[in-house]
Q: 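Pasting a structure here, questions to come.
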Amino acid sequence: MQTHEANFDGLIGPTHNYGGLSDGNLASANNAGLVARPRAAALQGLEKMKTMHEAGLWQGILPPQQRPHFPTLRRAGFEGSDKQVFEAAWKQAPRLMKNAMSASSMWAANAATVSPSADTADGKLHLTPANLSTMLHRSIEHPQTQRALETAFPFATVHQALPEQSVFADEGAANHVRLCESRGGQGVELFVYGRDGYAAHRPGYPARQTLQASQAIARSHRLMGSRTVYALQSDAAIDAGAFHNDVVCVGALQTLFYHELAFADTKQLQADIRSAAKGLFEPIFEEVPTAEVPIEDAIKAYLFNSMLVQIPGESRLTLIAPLETAENKATKTYCDKLVASNGPIGEVRFVDVRQSMRNGGGPACLRLRVALNQTEWEQVNPGNKFSLSLYDELKHWVEKHYREKLSPEDICHPSIMEESFLALDELTKLMQLGSDFYPFQR
Ligand code: SUG
């Protein structure tokens, strides 16, 4: 039976804005307060999905979440009608309200950690929604993410997010890589963490993933211990702005492509992967040296926040990188060198996701990878599968409902809430999500 890696992209929501909410994410901090372009953002996301679909890859879609997130505001003591809560919250707790307005669920790489059925003891696909507990605006995503995943993958085991506590801080697939010989065979799952949850917090930018969260997920996904690897991020990477490992590393099939400074102990990481892959495949380590690409360039241009994909008919892997990678001298030169070499990456294609990039979300952040066999793919909710007809409908839907511009002042006006809810209500029909999918519909 065929098994492929499907990419499920987060559809960018109507309240996309630049809130400056993520400490340690340099793009988010540097672009705080910019006027956002939600319509362009959503269309850029849809174009990326179309490009992947037309390249012959399995492409899926995850719906945006409801914002503002009234369950959070009501738990914080605001009462009355939605409009009254909206206005009172902006007056009395504007910072909380900014968090409740973020369209951050677009970064689907943080939606969950995924273990395909080939790796799990019970032969089922396992997904654990990430609690995203380090950042307030992201910590409110997981209940709805769980619902979205249960709707998209009705045949899978969707776990509850880990307890929302610092020891279990979890950021999902952004800190997880699966290497394998072929998608349908046993793989090696690499969990990358930024800190020991029981140790004192590191100075500097926050480390968002703990070892304890990764271990808990590996246990509940029923992974084989001998095929599972844990690796610590380097302080240098986190301090340079690698708030997730997927900002400095991406892997596919046998290849791990990463920056020299990504990990605390690269030699150990390589030895551990080799030993976990024994009898399955020979890992390929494609390490990018600081001398050729300084980590600052790698992070600014998001070289590693690319999708590393196997395009049908191509013998080598293709890197789907953001336009910003082509605009940076060091990263562009490195890409040219990669393609000219006879290494595992044979092509680099550039995509425009600039609106998301300004919040620190590159092509890889926008998608959740789910390796599925043919039978599983056929059981995915049809409304979560990309097709050219759904693309046309979604494009039309975005053009009809999304604002061209959204400023920090615009998001304080209740009309943005009313417009968004109208749009999302319509979306539940387009994507066959059910009429009670969003909290405002229940
Ligand atoms: O969690 N940005 C996201 C970007 C997530 C990128 N994901 C991966 N690397 N996989 C974050 O920091 C910024 C929102 C704002 O500031 O308005 C934000 O949440």
Q: Heavy atoms, side chains only, cut-off 4.5 Å: are R67 and I140 in contact?
A: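 The answer is yes; the side chains approach within 4.5 Å.
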Q: A side-chain contact here means heavy atoms from C-beta on lying under 4.5 Å apart; do P14 and V398 qualify?
A: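 Result no, sub-4.5 Å side-chain heavy-atom pair not found.
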Q: My understanding is that only one of Q92, E87, Q84 makes a side chain to side chain contact (heavy atoms under 4.5 Å, CB included) with F78; could you say which?
A: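 Of the listed options, the one satisfying the test is Q92.
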Q: Taking atom types as modelled, is there a side-chain donor on E189 or H221 under 3.5 Å from an acceptor on the other?
A: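 Distance-only check fails for E189 and H221.
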Q: How about NZ on K385, more than 12 heavy atoms from neighbouring residues, nucleotides or ligands closer than 6.0 Å, or not?
A: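 Correct, the count exceeds 12.
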Q: Taking the six-membered ring for Trp, are H53 and F386 parallel (under 30°), tilted (30 to 60°) or perpendicular (over 60°)?
A: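 Rings of H53 and F386: tilted, as their planes differ by 30° to 60°.
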Q: Is the distance between the ring centroids of H137 and H69 under 6.0 Å?
A: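 No, the ring of H137 stays outside the 6.0 Å limit from the ring of H69, centre to centre.
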Q: May I ask you to decide if I61's main-chain N or O and N384's side chain share a donor-acceptor pair within less than 3.5 Å?
A: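 Checking the backbone N and O of I61 against the side chain of N384, a donor-acceptor pair under 3.5 Å is found.
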Q: Looking at OG of S220 and CD of Q160, how far apart are the two atoms once the value is rounded to the nearest 0.5 Å?
A: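 One finds 11.0 Å between OG of S220 and CD of Q160.
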Q: Between N25 (side chain) and N359 (backbone), is there a donor-acceptor pair under 3.5 Å?
A: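 Yes: the side chain of N25 pairs with the backbone of N359.
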Q: Looking at side-chain heavy atoms only, is the closest gap between Q215 and F168 below 4.5 Å?
A: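 Q215 does not reach F168 side chain to side chain.
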Q: Determine, step by step, whether V380 and F8 satisfy the side chain to side chain contact (heavy atoms under 4.5 Å, CB included) criterion, reporting the C-alpha distance in whole Å, the side-chain angles of both residues, the deciding distance to 0.1 Å, and the verdict.
A: CA-CA 11 Å; V380 170; F8 283 78; 4.1 Å; yes
Q: Checking N110 side chain against G172 main chain: does a donor-acceptor pair fall under 3.5 Å?
A: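 A pair under 3.5 Å: no.
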Q: Could you tell me whether the side chains of Q146 and E150 share a donor-acceptor contact shorter than 3.5 Å?
A: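 A donor-acceptor contact under 3.5 Å links the two side chains.
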Q: Would you call D246-R367 a salt bridge at under 4.0 Å N-O?
A: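 No.
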Q: Within the 4.5 Å heavy-atom criterion, are S214 and N175 side-chain neighbours or not?
A: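 When only atoms from C-beta onward are counted, N175 and S214 do not touch, as no gap falls below 4.5 Å.
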Q: Backbone N or O of F440 within a donor-acceptor pair of the Q66 side chain at under 3.5 Å?
A: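 Yes, the answer is positive, given that a donor and an acceptor are paired below the 3.5 Å cut-off.
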Q: How many angstroms lie between atom OG1 of T113 and atom CZ of R178, to the nearest 0.5 angstrom?
A: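 Output value for this atom pair is 14.0 Å.
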Q: For the atom pair CG (L127) and OG (S115), what is the distance rounded to the nearest 0.5 Å?
A: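 The OG atom of S115 is 8.0 Å from CG of L127, to the nearest 0.5 Å.
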Q: Which residue in the set H413, R403, H401 passes side-chain hydrogen bond (donor to acceptor under 3.5 Å, both in side chains) when paired with E419?
A: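 Result for side-chain hydrogen bond (donor to acceptor under 3.5 Å, both in side chains) with E419: R403.
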Q: Taking the six-membered ring for Trp, are F304 and F257 closer than 6.0 Å centroid to centroid?
A: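 Ring-ring flag for F304/F257: true, centres closer than 6.0 Å.
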Q: For H259 and L261, indicate whether the former's side chain and the latter's backbone hold a donor-acceptor pair under 3.5 Å.
A: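 Checked: pair present.
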Q: Closer than 3.5 angstrom, by distance alone: can the side chain of R39 be matched with the main-chain N or O of Y402 as a donor-acceptor pair?
A: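 Pair found, side chain donor or acceptor close to backbone of Y402.
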Q: Under the side chain to side chain donor-acceptor pair (under 3.5 Å) rule, what do D410 and S407 come out as? Steps first, then yes or no, please.
A: CA-CA 5 Å; D410 295 334; S407 71; 3.1 Å; yes
Q: Report yes or no: do S389 and D392 form a side-chain donor-acceptor pair below 3.5 Å?
A: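 No, D392 and S389 have no side-chain donor paired with an acceptor closer than 3.5 Å.
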Q: Can you tell me how far the CG atom of D170 sits from the CG atom of L132, to the nearest 0.5 Å?
A: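 With rounding to 0.5 Å, CG (D170) is 7.0 Å from CG (L132).
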Q: Counting N and O atoms only, with roles assigned by atom type, does the side chain of T210 sit under 3.5 Å from a partner on the main chain of R195, one being a donor and the other an acceptor?
A: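 Judged by distance alone, no pair lies under 3.5 Å.
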Q: Quick one: CH2 on W90 to CZ on R95, what's the gap to the nearest 0.5 Å?
A: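 These two atoms lie 12.0 Å from each other.
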Q: Without hydrogens or angle criteria, can the side chains of Q268 and D272 be said to hold a donor-acceptor pair below 3.5 Å?
A: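 Side chains of Q268 and D272: pair found under 3.5 Å.
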Q: Do V192 and C249 make a side-chain contact, defined as non-hydrogen atoms from C-beta onward lying under 4.5 Å apart?
A: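 They are not in side-chain contact.
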Q: Decide whether E171 and Y193 meet the rule of one side-chain donor and one side-chain acceptor closer than 3.5 Å.
A: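 There is no such pair between these side chains.
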Q: Using a 3.5 Å distance criterion without hydrogens, assess whether the side chain of E292 forms a donor-acceptor pair with backbone atoms of P289.
A: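 A pair under 3.5 Å: no.
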Q: Considering only heavy atoms from C-beta outward, does the side chain of F263 approach that of V248 to under 4.5 Å?
A: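 No; the side chains remain at least 4.5 Å from each other.
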Q: Should we say atom CZ of R442 is surrounded by more than 12 heavy atoms from elsewhere, each under 6.0 Å from it?
A: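 Correct, the count exceeds 12.
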Q: I'd like to know if R316 pairs up with E286 as an ion pair, taking the criterion as any Lys NZ or Arg NE/NH1/NH2 lying under 4.0 Å from an Asp or Glu carboxylate oxygen.
A: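 The answer is no: the pair does not qualify as a salt bridge.
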Q: State whether the side chain of N30 and the backbone N or O of L26 hold a donor-acceptor pair below 3.5 Å, judged by distance alone.
A: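 Between the backbone of L26 and the side chain of N30 there is a qualifying donor-acceptor contact (under 3.5 Å).
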Q: Would you call M431 and F437 a side-chain contact if the rule is heavy atoms closer than 4.5 Å?
A: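 No - every pair of side-chain heavy atoms lies 4.5 Å or more apart.
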Q: Is any side-chain N of the basic residue among K50 and E54 closer than 4.0 Å to the acidic one's carboxylate O?
A: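 Looking at E54 together with K50, the answer is yes, because their closest N to O distance falls below 4.0 Å.
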Q: Whether the side chain of Y391 engages the backbone of E47 through a donor-acceptor N/O pair (distance < 3.5 Å, no angle test) should be reported.
A: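 Judged by distance alone, no pair lies under 3.5 Å.
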Q: When you look at Q65 and S104, which way does the side chain to side chain donor-acceptor pair (under 3.5 Å) test go after all the steps?
A: CA-CA 9 Å; Q65 298 201 355; S104 55; over 6 Å; no
Q: Any salt bridge linking K83 with E418? Criterion: basic side-chain nitrogen under 4.0 Å from a carboxylate oxygen.
A: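 Not counted as a salt bridge, because no side-chain N and carboxylate O are separated by less than 4.0 Å.
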Q: Is any NZ, NE, NH1 or NH2 atom of the basic residue among D82 and R74 found under 4.0 Å from an Asp or Glu carboxylate oxygen of the other?
A: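 Salt bridge: yes.
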Q: Could you check if a side-chain atom of W107 sits within less than 4.5 angstrom of a side-chain atom of S356, using non-hydrogen atoms only?
A: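 W107 vs S356: side chains touch.
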Q: To the nearest 0.5 Å, how far apart are NZ in K329 and CG in D297?
A: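 Result: 10.5 Å between the selected atoms.
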Q: Of the options K300, R354, K332, R358, which is the one that meets E324 in a salt bridge (charged side-chain N to carboxylate O under 4.0 Å, His left out)?
A: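 Exactly one option meets the salt bridge (charged side-chain N to carboxylate O under 4.0 Å, His left out) with E324, and it is R354.
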Q: Going by atom types alone, do E260 and T290 pair a side-chain donor with an acceptor below 3.5 Å?
A: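 Side chains of E260 and T290: pair found under 3.5 Å.
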